[in-house]
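Below is one structure, written out as structure tokens, with a few remarks after it.
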There are 4 protein chains.
Amino acid sequence: MLRVAVLGCGRIGRMHARNVAAHPRASLAAVYDIHRPSAEEVAKALGVKAAETPQAIFSSPDIDAVLVATSTETHSDYIEQAVAAGKPVLCEKPIDLSLARVNRCAEAIKGSKVPVQIGFNRRFDPGHRALWKSVRAGDIGDLHQVIITSRDPAMPPRSYYEVAGGLFRDMTIHDFDLARFMLGEEPVDVFAIAGRQIDPAMMNELGDSDSAMVIMRTASGRQCHINNHRQAVYGYDQRVECQGTAGMALSDNRKPHEMRRHAEAFTGQAAPYLNFFIERYSEAFNAELSAFVDAIEKGRPPEVGFDDGRRALILAEAAMKSVAERRIVKVSEIG
Amino acid sequence: MLRVAVLGCGRIGRMHARNVAAHPRASLAAVYDIHRPSAEEVAKALGVKAAETPQAIFSSPDIDAVLVATSTETHSDYIEQAVAAGKPVLCEKPIDLSLARVNRCAEAIKGSKVPVQIGFNRRFDPGHRALWKSVRAGDIGDLHQVIITSRDPAMPPRSYYEVAGGLFRDMTIHDFDLARFMLGEEPVDVFAIAGRQIDPAMMNELGDSDSAMVIMRTASGRQCHINNHRQAVYGYDQRVECQGTAGMALSDNRKPHEMRRHAEAFTGQAAPYLNFFIERYSEAFNAELSAFVDAIEKGRPPEVGFDDGRRALILAEAAMKSVAERRIVKVSEIG
Amino acid sequence: MLRVAVLGCGRIGRMHARNVAAHPRASLAAVYDIHRPSAEEVAKALGVKAAETPQAIFSSPDIDAVLVATSTETHSDYIEQAVAAGKPVLCEKPIDLSLARVNRCAEAIKGSKVPVQIGFNRRFDPGHRALWKSVRAGDIGDLHQVIITSRDPAMPPRSYYEVAGGLFRDMTIHDFDLARFMLGEEPVDVFAIAGRQIDPAMMNELGDSDSAMVIMRTASGRQCHINNHRQAVYGYDQRVECQGTAGMALSDNRKPHEMRRHAEAFTGQAAPYLNFFIERYSEAFNAELSAFVDAIEKGRPPEVGFDDGRRALILAEAAMKSVAERRIVKVSEIG
Amino acid sequence: MLRVAVLGCGRIGRMHARNVAAHPRASLAAVYDIHRPSAEEVAKALGVKAAETPQAIFSSPDIDAVLVATSTETHSDYIEQAVAAGKPVLCEKPIDLSLARVNRCAEAIKGSKVPVQIGFNRRFDPGHRALWKSVRAGDIGDLHQVIITSRDPAMPPRSYYEVAGGLFRDMTIHDFDLARFMLGEEPVDVFAIAGRQIDPAMMNELGDSDSAMVIMRTASGRQCHINNHRQAVYGYDQRVECQGTAGMALSDNRKPHEMRRHAEAFTGQAAPYLNFFIERYSEAFNAELSAFVDAIEKGRPPEVGFDDGRRALILAEAAMKSVAERRIVKVSEIG
């Protein structure tokens, strides 16, 4: 059993802690949160100790690995400390909002064999993964186009925006990673537009966006489109489509169940899609954890490593620059 | 061009007349209706003559074939007269409500080579036909079960019931034919229940039923279920499903278009199914006509012949007897 | 935390034990199996004790409730012992293959307030439950017809048939319960046919069937059809459809994910349905357990009680009699 | 009856001629083709005269309107001649490959009341039209994003490319029109990338593209994405999706029928989508003709006028400039 400590006991951290506790090859060793009562509540519910400091975790001989789900600005520090302590780390995305900080972190852990996995959970979703396998197996021939639709169910509160780092680094970053995963090649050109359509007043004040469209191209000519929107009232909308020379394949949305109604006015599902990522990607979060455990047990690098986190951030910065300067941006301009 | 006369200018006759007029290998030669103004209206709209009597049609050297869409009690007479006149005939179902009359008609036309096709249009529906081909091609292995769902969108007016001959001979008769078509074998046992659920008062007065369930079995052991209902407010519901050793295949309902909406309250088609048989089976009615023209041009027997009409009626009578006597009825008891 | 012991460590028992261990309001207190190594293996994996005898469980003050997943012939005994010991019991279906034994068991526990829940898990499936709620809420108006499709993915081994009690008591019994649940009324008439289509030689030897069709009617006139087949190569096929005066609603099959492929030869899901009940009804098994915990915590009768188990068996016997005597059977003839 | 002459007897002209002949409120008055035997073949099949010159049609008192389906370079001339002759004209897209020529044509017909309709048939597709109505009715709240997927089933022959005017003016032009129709506003910014992925060698030689992605924005901030591909082996892929504040709606592909198969290896449609525009948009071509007849009968301007043809071409030129100069192009730079 891999003894895993979870840092961060907010919404996502709590979910990760429960997943670790229920995992057949992992056990929850400890939890930590800067807000001590949160850590204690989770610790009590899951029958473990609440560590008083992160350092207590990094230095404990009874902890084999750490899962970092704290606020973004602490991620790089904890990755560096975990690696220094020789503890494999699964860290939520993004590594940091600053590419400079990410690069320093990369420098700090350079050469280490300690596994670092970034929490791009969508790669582990059964539908997306089946799509990826199908594309890699050649089922659709040569891959030419990837189209990613990614829409949140509802606008987060203003406080969320204030620290999230903007649409591209907060929300699209998942899609940038998924794009790289599906394309199987690095994008070289990025073009993006961003909108203030849902709550223009707040977006103007914050200098943020609530909708976006992106086009990217790889060196070999593969094309990718991403569209984002923060208010899909019909539920979290997560679709990926791949077009190739021998066919098309897509990973569509998942419904809570398959009950349909047929009435005079409509024929269809009587319920919206699964509401948000905790529900929609519950299988993915578990599979991501299993992949982390596997990588450690088998001594191989994680499927989604530190550099994947860095590259997704570079694409986000390229998109931001494209919006700011109203032009196509070469990825090589960023990093 | 096959010169076809249409007898009967009601709702169905009118549709047939238009189909004949628009057919690439047929032309509309004349129309007739016992209610002369109806015939004249259709004749004028389609640029043909309204015949004064059926006999004028049967004896005309300028008419190659007839399509009978008059009221049921005239069908057998017109079939006999058409055959006597050497004119191929496509006759709407049922041949007659009385099996005795059908048997006399069979006797009357026995030995004739003049093609007689019965209007079981559903066999020509693209979806049902594709299903049949798939089953016959062995795609699902050995066929074991056929399930037919057949529900009308709304109760017809009382006047309709008074002459229709009861649920099994009016509505289920189509399903009995489709069952024989799909099963590829003759049913030997019939069990049925009938309900008075939608308008019990009227059904009691008329001694008719507005819902039913049937189970049939063939000699080799294939099983078939039919369910009928007269009030599918969500539109004409027409489904056929075949279960076999190597898979299952089904012909599902057809929607007017593929526009879907996703809202907070539901996710689905914003429109009901096609309302009724004229719309749902429009392609089938045309394909049925083409098959009739083909049979005549190529001198081969129609795909759906007189005996198919007779056998569907026998199954209807078996079902009626099953309901009346609350027991399983052998088809051999009837005819 | 409700301390639950699980009796029976076969495939289903193991799944129940894991569910209990992971349940937020229950804990696994002990396991038992007549084959001691099985019990020990499960006990070790889940960190609990393997009881040496069932009696050790029934008499333990540290066990609050029992979950019975042993072989069928022991169910009634364990229900009686659990009730005598004052321990709530969740027992897998069927209660027994013999109605006489079930009736004796009913007599034995008569008057007791100890909760007895029968494992008709399908009532707790999210789709079926949403359908039931929709029907009960009046969304489809008055309910007239229920159609249940229930097909296993593959023939079980001969050894399974030898003790299963025949198709109707082993497989259809779930559908009989679901029919009662959906109909909201007791069936009064049962008609059934059974087939030996998939493996006629073995079925003849065993006197069993591998396919069936059933029609039932309630006193108020509601109609129900069930079809069963033991070899749906495309995966476990579990559908329920309800037709009413104001619409239709159905609970359709669940796919493992929503990845679809579009190729020259086909357009659709690249994977079959979920293979069998452990996968298909995983949410249902958990919800069933939660309902059991709820009933105990809140001191109210279980949603699916002993009499539901008895009535489903009566319908199975009625169907068997109908097949044997080739006639409609009144439920009142049985019990 | 509106007496309509059809100019051009190629694949599309022939289809239009048949549609006119079968239309309840129009009759086919004459056909013309520069290749006289083609005209004569069509004329014979449909029982009309083959005109010797276009002028014979424009000057005939027995012809009320003309439908132009000749090669692109003749469209502007025929529009000018038809308008000069006072004959309403329905002209296939595009008006011309040269915006300068289109502008001269606009000048030539300026001020005339003679109806000119451009053949953007997709606006009349039942699904796309239902989507448009739903969006305009406010069903999805404020419209924010439009996503258009438009993929041809197979690469046309080299000879086609040589005269077609390039991907954007030949293929995407339909999508530009559909985008304007759905957006309800004029795009102001256009960004596009184009690929040579399917047949790079031929595309390089011709200086054309076989795939593309476009992003556009309107003055109010609405966003639009178009993706094109010339080789959808699974059939003509035509989808439109609209995202708004209160929901999402989409017009999906149409299948030839609703027969599905369930096998071990897959679950889905056993047939690809409708192959190409003649089949996919058959209802649309008829509805387009009806709209033309309506406009003339009721003396109102056509739903899709000359300026719509011009504006779609401007967007195509903007996309071409964007590809050539690797930058965002303002529509106002073009025309």
Side-chain angles (χ1 to χ4, degrees), chain A residues 1 18-19 21-25 27 45-47 124-135 137-141 238-271 273-274 280 282-284 287, chain C residues 1 18-19 21-25 27 45-47 124-135 137-141 238-271 273-274 280 282-284 287:
Chain A
M1 299 289 270
R18 276 194 305 271
N19 287 351
H23 197 277
R25 287 175 292 134
S27 62
L46 296 171
F124 299 95
D125 174 70
H128 298 352
R129 177 60 60 133
L131 172 60
W132 176 79
K133 278 187 186 162
S134 181
V135 170
D139 290 345
I140 63 163
Q238 295 283 300
R239 287 172 280 160
V240 188
E241 175 181 332
C242 295
Q243 166 73 10
T245 46
M248 184 264 277
L250 61 89
S251 175
D252 208 339
N253 284 300
R254 190 84 173 149
K255 295 163 229 150
H257 54 69
E258 298 296 324
M259 201 279 276
R260 294 194 303 273
R261 281 179 53 201
H262 295 64
E264 276 185 279
F266 78 94
T267 294
Q269 199 76 8
Y273 292 141
L274 289 168
R280 170 67 177 82
S282 65
E283 291 158 308
Chain C
M1 300 288 270
R18 276 193 305 271
N19 287 351
H23 197 278
R25 286 175 293 131
S27 62
L46 296 170
F124 298 96
D125 174 69
H128 297 353
R129 177 60 60 132
L131 172 60
W132 175 79
K133 277 188 187 162
S134 182
V135 169
D139 290 345
I140 63 162
Q238 296 284 300
R239 287 172 280 160
V240 188
E241 176 182 331
C242 295
Q243 166 74 9
T245 46
M248 184 263 278
L250 61 89
S251 176
D252 208 340
N253 283 300
R254 189 85 174 151
K255 295 164 228 149
H257 54 69
E258 298 296 325
M259 201 279 275
R260 293 195 303 272
R261 279 179 54 202
H262 294 65
E264 275 185 280
F266 79 92
T267 293
Q269 200 76 9
Y273 292 141
L274 290 168
R280 170 65 177 85
S282 66
E283 290 157 308

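Chain naming here is simple, since letters A, B, ... match the order of the sequence lines and numbering starts at 1 in each.
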_Counting heavy-atom pairs under 4.5 Å with chain C, which one of Asp139(A), Val240(A), Ile140(A), Leu131(A) comes out on top?_
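Answer, by heavy-atom pair count under 4.5 Å with chain C: Asp139(A).
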
*How far does CD of Glu283(C) sit from NE2 of His257(A), to the nearest 0.5 angstrom?*
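Answer rounded to 0.5 Å: 10.0 Å.
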
*Taking only residues two or more places apart in sequence, or in another chain, which ones meet Glu258(C) in a side-chain contact (heavy atoms from CB on, under 4.5 Å)?*
Asp252(A), Arg254(A), Glu258(A), Lys255(C)

*Is it the side chain or the backbone of Asn253(A) that comes within 4.5 Å of chain C heavy atoms, both, or neither?*
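For Asn253(A), backbone heavy atoms alone lie under 4.5 Å from chain C.
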
*Over all atoms of both residues, closest heavy-atom pair of Pro126(C) and Pro256(A)*: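 Looking at all heavy atoms of both residues, the shortest contact is CB-O, 4.5 Å.
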
_With chain A as the partner, which of Ala130(C), Gly247(C), Ala21(C) has the greatest number of non-hydrogen pairs under 4.5 Å?_
Ala130(C)

*Given Met259(A), Arg260(A), Arg261(A), the one that forms side chain to side chain contact (heavy atoms under 4.5 Å, CB included) with Leu250(C)*: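 Only one of Met259(A), Arg260(A), Arg261(A) forms a side chain to side chain contact (heavy atoms under 4.5 Å, CB included) with Leu250(C), namely Arg260(A).
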
